[in-house]
Amino acid sequence: MNALFLALSYLRYHWARSVVLVLVTAMILSVPIISQVLLNRSQAALTDRAEKTPLILGSRGSQLDLIMNALYFSDDRAEPVTMAETETIWDSGLGLPIPLNTAFETNGARIVGTSLEYFGFRGLNVAEGRQIALLGEALLGADVAARLGLGPGDTVVSAPQNLFDLDGVYPLELNIVGVLAPTGTADDEAVFVDIKTSWVIAGIGHGHDGVLAEGATTGDIVASASIVEFNRITDANIDSFHFHGDPADYPVSAIVLVPQDARAATILRGRYLDPENPVQMTVPREVIAGLVDRIFRIKTLLDAVTLIVGGAALVAVGLAIFLTYRLRTREMQTAFKIGARRSMILRLLAAETVIILLCSGVIALGITLAVQNRGSAIVAWLLAA
Amino acid sequence: MIAVKNLSFAYPSGDFQLTIPSMILQPGEKVAVVGPSGTGKTTLLNLIAGIVVPTSGTVQLGAEVISGMNDAARRALRAARIGFVFQDFALLEYLSARENILFPYRIAAGAKLDAGARARAEKLAASCGLDGELGRRPGELSQGEQQRVALCRALVMKPQIVLADEATGNLDPANKTAILDLLFERTTDQGATLLAVTHDHELLPRFDRIIDFSTFRQPSEGAA
C-alpha cells in the first residue's frame, strides 16, 4: 500500500509526463488489436454482403469500383448504365433486376434510388413510420436517422452537385416517411428513395407551375423564366411532376441481379462476356475474395510495420521510465539511508510501472471495446469512403 | 552509547583510508565533527549508520555491533534507531510536508503508519513551527522550512542518534541558528545523541565535544 501511495503521489505530481506515458502505451497496446478487429470485421462485412449478392450489372471498367458502389454505396462510381438494361433482364425472365441510382447524397449520406424489391432482397424492415410509396418520399437508414436526429415527418434536402452549375441538379426536399431497423451494414448509412425520385433529383423529372395560356387546355404554351419549379413534392403539386425523354435511357449506377437459378445465372453471365460490350456482369463473391486476399497480404506487411513501430515505441516508453528511475536516484539514496528495505525500493519503482501499464491497459481495453461495439458502423463508413 | 573501536575503512579504489582507533559517544551527547573536505567526516556518519561497513574494527550501538550485521538488519536498525539530516534536505518534491515527515513509516520494515504516528508527526511539526505548512510541498516552502521538515523526518521515529551532515550548510545565518536550536532542543527532548558534521565554526561552542578530522584528535572535550 505504501509503495502504491508513493507511486501514485509521484505520478500525480508529474501528471503531464504520466498522461503522455499512459496514452502512448495505450496506443501501442490498442493499435494492433484495433487493426485486427477492424480487419476481421471488414472481411466479414465484405464477404457476407458479397455472398448475399449474386450478380451485379454495370458499365464496363473497374469491377471493384462497380461492386463497392453497388454494395457499399461508395463514392467511386463507374459511368451509369441505362434502364434499358433492367428492361432486358425483365424481358429475359431469367432473374430479378434491382436498379440502383447512387449519384446523389444528403448530409453526408448516400441517396439510393431503387425499387421496392431491394428492401425484400436485403431483408430490410421499417422500424418506424412506413415504406416509401410516393414520389419525393425517403426512408432513412438507422445510423443516418440517429446521426441527423430525424424521423418520419421531417425532411432532408439532397445536396446540389455543383453550386455554380445553373443548368444542373437542383436540391430536392425529401419527405421522410420511415426509418429502417439497424442491420450493421451499409444500408444503415443510406437514404433510400424510389428510383424515380432519384431521377427527379437528377432533373430528368420535374414539376412546375402551369405553362398553358389562361383558359387553354392544350397548345398555347407560355412558359417563361418566371415559372416556379417545385423543389419539394407535395400532395398539391405531385400531379405536375413529369419526366422527359425515353425512360429506357434513364440512368442507373448499377443493377443488382437475382437470377432464378444457377442455370439462369450462367446464361446471364454468358450474355455479358463480350469485352466489347459496354456493360459487364460481375460476381461480387469472386471480386471481393480477390480484394480480401490482397487486404490480408497487405495486413501481413502492416503487422510487421506495427510490430516494428510498436517495439520502437515500447523501447521509448521503457527509456522514459528508465530515465525516471535515474532522476529518482537521489530519492532512492535517501530512502536507503533512512533505512528502506531493498524490496521496498524495488516495489516503489515497480508500482509506478504497474500503474502506468494498468491505466494504459484499461484505456486500450476501452478503445478496443468501443471499436468492437461500433465496429460495424466504422467498417460501413470505411467501405463507403 | 555508540562505540567505535580500531575502525579502518578504505574505498575499493584505495585512494582514501579512514582510521579511527577509538571513539565513544554518550547518550544525549551533542558532538560536532569538523575538518577539511575529503577527510572522512561523511564516511564516519555512513559507518555509524551502517550504510557502509568497516574494512576492520567495530561500530557498536548500545549492545548491538552494527558492523557485524547483514544488510537487512542494518537497514532495519537504521530505520528504527538512527535519524539522518542532510545538507540538501533530500525531501521528496511530490509529497506534502506531512507525507515527507511520515516517509520513514512508509518505507521502513516493521514501521506502522497509524493514527499515533500521524499525531506524533503533527506534534513534532508544530514544535518546529510548521503548523500551517504541512499540506504544502517542498517547492512551496522556504529553505528554512524545508530543513525543519527534514528535521522532523529524522526525529519522527524517535531515534537514539541523529546524524546531521552539514545540516545548516545551505541556510542563511538566521535559519542556521534556528535550525540548530531546534536540532538541540528536539534531540534533548528525545534523549538522542547528536553527531553533526559542520564547517561552521561559529556554531562549535554550542556542542559538548568537537572531533577534529584534520588531525583526528578530540581537542575540546566538553567544550560547551
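Quick caveat: nothing in here was measured; it's all calculated off a predicted structure. In the text below, chain A, chain B and the rest are named by the order of the sequence lines, each starting its count at 1.
Proximity to chain B is limited to the side chain of A:Arg330, based on heavy atoms less than 4.5 angstrom apart. In this structure, no portion of A:Leu11 lies under 4.5 Å from any heavy atom of chain B. Proximity to chain B (any heavy atom under 4.5 Å) is restricted, for A:Arg328, to the side chain, taken from C-beta onward. Both the backbone and the side chain of B:Ile51 come within less than 4.5 Å of a heavy atom of chain A. Of the two parts of B:Glu99, only the side chain, counted from C-beta on, holds a non-hydrogen atom closer than 4.5 Å to a non-hydrogen atom of chain A. With a 4.5 angstrom heavy-atom cutoff, B:Phe86 touches chain A only via side-chain atoms. Only the side chain of A:Phe5 comes within contact range of chain B, with heavy atoms under 4.5 Å apart. Neither the backbone nor the side chain of B:Arg74 comes within contact range of chain A, judged by heavy atoms closer than 4.5 Å. If you measure heavy-atom distances from B:Ala49 to chain A, you find no contacts under 4.5 Å at all.
Within 6.0 Å of CZ in A:Phe322 there are 12 or fewer heavy atoms belonging to other residues, nucleotides or ligands. For A:Arg374, the CZ atom counts as loosely surrounded, since its 6.0 Å shell holds 12 or fewer non-hydrogen atoms of other residues, nucleotides or ligands.
Within residues 355-373 of chain A, no residue has a heavy atom under 4.5 Å from a heavy atom of chain B. Within residues 114-144 of chain B, the residues having any heavy atom closer than 4.5 Å to a heavy atom of chain A are B:Arg137, listed by residue number.
The backbone N or O of B:Tyr94 sits nowhere less than 3.5 Å from a side-chain atom of A:Arg12 that would complete a donor-acceptor pair. For the pair A:Arg341 (side chain) and B:Arg75 (backbone), a donor-acceptor distance under 3.5 Å is absent.
Chain A forms the most heavy-atom pairs under 4.5 Å with one residue out of B:Leu163, B:Ile107, B:Leu91, B:Leu92, and that residue is B:Ile107. Counting heavy-atom pairs closer than 4.5 Å to chain A, the top residue among B:Leu77, B:Asp71, B:Leu113 is B:Asp71.
Across all their heavy atoms, B:Ala79 and A:Gly339 have their closest contact at CB-O, 3.8 Å.
Proximity of B:Arg153 to A:Thr334: side-chain heavy atoms (C-beta onward) are separated by under 4.5 Å at one or more points.
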